[in-house]
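Read the numbers this way: they start at 1 and go in the same order the structure lists the ligands and their atoms.
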Amino acid sequence: MKALIFDVDGTLADTEDAHRKAFNDAFAKAGFHWSWDRVLYKHLLKVTGGKQRIRFFLEEQHPDFLERDDIDDLIPALHKSKTDFFVARLQNGQVPLRPGIEDLINECRANDMTIAIATTTTPVNVETLLRVNLGDDSLNWFACIGDGGKVPVLKPEPDVYDWVVDQLGLAAKETLALEDSRNGLVACERAGVPCLIVTNDYTLGQDFTGCLDEWESYEGVTLAKLQTVYAGAA
Ligand code: XBP
Ligand code: MG
């Protein structure tokens, strides 16, 4: 194991409820009476990417709306507004890292383990989450940050993992990914990246067949423990 690759949403931090509220804020600001509750959002998480998720919601619940002439401008505009609301929540300190993650990152750095990021979210979301919780310099701790702005297609397609592995100059099987979702696991499988799952409320119960191991939290997780899991899979 030569590098550890972190997913962001659900893995570094439990961000999804803040994303959900930001979507609702954007809908309300634009005058749309749509409100995504936790049950609906769990279903909508089937589709990665905020713009794609809005379109998926409209296809399922308001198909007539997609006939509007301005739909291809409206969805990106709603998503831009959602990103602004989400970043404001991050800046207000409303989204801490998951317990144990900061210790794990610090231990990786102390042991010269290469760390990287592979996410489908918007670049400013990752940057703000890291800056607010770990300080401005933390962006430099990661050998590369693969995000939704770097690749045309999102998870469960492998592109973001292919991009990160290529940037690292390693073989996919020399890395280990930490993910929280089925979409993340499938992206890893397609890229040949071994994957360990740490679930959260939104992803608990998804099908994680094929992952190296499945845990509920990072409590007590050390680099040595990750290396043991990785070695067991080799
Ligand atoms: C996360 C996502 C993202 C966020 C929203 O998936 O699907 O779309 O929910 O972010 P993963 P944006 O953890 O598998 O990377 O609205 O910026 O797309
Ligand atoms: Mg995730």
Side-chain angles (χ1 to χ4, degrees), residues 4-27 34 36 38 40-58 74-90 95 97-98 101 116-130 142 144-164 177-191 193 195-208 211 214-218:
L4 194 55
I5 307 174
F6 294 90
D7 167 50
V8 173
D9 292 297
T11 300
L12 285 186
D14 278 323
T15 53
E16 288 301 356
D17 229 37
H19 280 297
R20 180 180 69 80
K21 289 172 185 164
F23 280 108
N24 287 336
D25 289 341
F27 298 153
W34 308 325
W36 294 356
R38 289 177 62 87
L40 173 60
Y41 196 63
K42 188 166 182 164
H43 167 68
L44 297 176
L45 281 175
K46 207 163 113 179
V47 173
T48 59
K51 290 189 279 291
Q52 294 84 340
R53 191 167 301 142
I54 294 170
R55 188 173 283 276
F56 177 56
F57 164 73
L58 293 173
L74 181 64
I75 291 177
L78 275 174
H79 186 253
K80 163 81 178 63
S81 168
K82 174 262 168 180
T83 298
D84 293 344
F85 279 115
F86 179 70
V87 166
R89 282 177 188 277
L90 293 178
V95 189
L97 299 183
R98 290 185 67 168
I101 266 288
I117 283 180
T119 175
T120 66
T121 202
T122 302
V124 67
N125 297 350
V126 190
E127 289 161 20
T128 312
L129 181 79
L130 293 177
F142 297 88
C144 63
I145 298 182
D147 54 46
K150 303 271 184 349
V151 290
V153 279
L154 307 183
K155 302 172 192 175
E157 295 308 320
D159 301 47
V160 73
Y161 278 101
D162 291 341
W163 186 89
V164 168
L178 287 176
E179 276 283 357
D180 70 303
S181 70
R182 165 104 192 131
N183 280 325
L185 170 63
V186 172
C188 286
E189 282 178 335
R190 290 175 177 168
V193 170
C195 177
L196 190 134
I197 293 289
V198 186
T199 55
N200 56 62
D201 282 354
Y202 272 117
T203 64
L204 196 65
Q206 292 184 355
D207 178 5
F208 293 122
C211 75
E214 181 184 334
W215 299 334
E216 283 182 14
S217 78
Y218 289 100

For F23 and H79, take the angle between the two ring planes, folded into 0 to 90°, and tell me which bin it lands in: parallel under 30, tilted 30 to 60, perpendicular over 60. tilted
Determine whether a donor-acceptor pair (N or O, by modelled atom type, separation under 3.5 Å) exists between the side chain of D7 and the backbone of T119. no
Ignoring hydrogens and geometry beyond distance, is a side-chain donor-acceptor pair present between D14 and Y202 at under 3.5 Å? no
Side-chain contact, heavy-atom cut-off 4.5 Å: F86 with D25? no
Restricting to heavy atoms, the pick from Q52, R53, K46, E179 nearest atom 7 (O) of ligand 1 would be R53
Can you pull out the closest protein heavy atom to atom 18 (O) of ligand 1? Residue, atom name and distance to 0.1 Å, please. G50 N, 2.7 Å
Any donor and acceptor pair, going by atom type alone, linking the side chain of Q206 with main-chain N or O of S181 inside 3.5 Å? no
Students often mix this up, so state it plainly: with edges at 30° and 60°, are the rings of H43 and F56 parallel, tilted or perpendicular? tilted
Near D9 (heavy-atom distance under 4.0 Å), the atoms of ligand 1 are 1 (C), 3 (C), 4 (C), 13 (O)
Quick one: does N183 get a heavy atom under 4.0 Å from ligand 1? no
Nearest non-hydrogen contact with atom 8 (O) of ligand 1 belongs to which option: A22, G49, G148, A18? G49
Is it the case that the side chain of K155 and the backbone of A118 share a donor-acceptor pair, with hydrogens and angles ignored and the cut-off at 3.5 Å? yes
Is there a heavy atom in T119 that sits closer than 4.0 Å to ligand 1? yes
Which N, O or S atom of D9 lies nearest to the Mg ion (ligand 2), by name: O
Among K82, H19, K80, which residue places a heavy atom closest to atom 16 (O) of ligand 1? K82
What N/O/S atom of D7 is the closest to the Mg ion (ligand 2)? OD2
Below 4.0 Å, non-hydrogen atoms only: which portion of T120 touches ligand 1? Side chain, backbone, both or neither. both
More than 12 foreign heavy atoms under 6.0 Å from CG of D84: is that the case here? yes
The answer for which part of T11 has a heavy atom under 4.0 Å from ligand 1 is neither
Identity and separation of the nearest protein heavy atom to atom 10 (O) of ligand 1: T121 OG1, 2.8 Å
Measure from the side-chain N and O atoms of R20 to the backbone N and O of Y41, and report whether any donor-acceptor pair falls under 3.5 Å. no
Donor-acceptor pair, side chain of T128 and main chain of N125, under 3.5 angstrom: no
Just need the protein heavy atom nearest to atom 17 (O) of ligand 1, so name the residue and atom and give the distance. T122 OG1, 2.5 Å
Only N/O/S atoms count here: what is the atom of D180 closest to the Mg ion (ligand 2) called? OD1
Mind checking whether K51 contacts ligand 1 via backbone (N, CA, C, O), side chain (CB onward), both or neither, at a 4.0 Å heavy-atom cut-off? neither
Distance under 4.0 Å to a non-hydrogen atom of N125: what atoms of ligand 1 satisfy this? 17 (O)
Protein heavy atom at shortest distance from atom 13 (O) of ligand 1: D7 OD1, 2.9 Å
Atom 14 (O) of ligand 1 has as its nearest protein heavy atom K155 CD, 3.5 Å
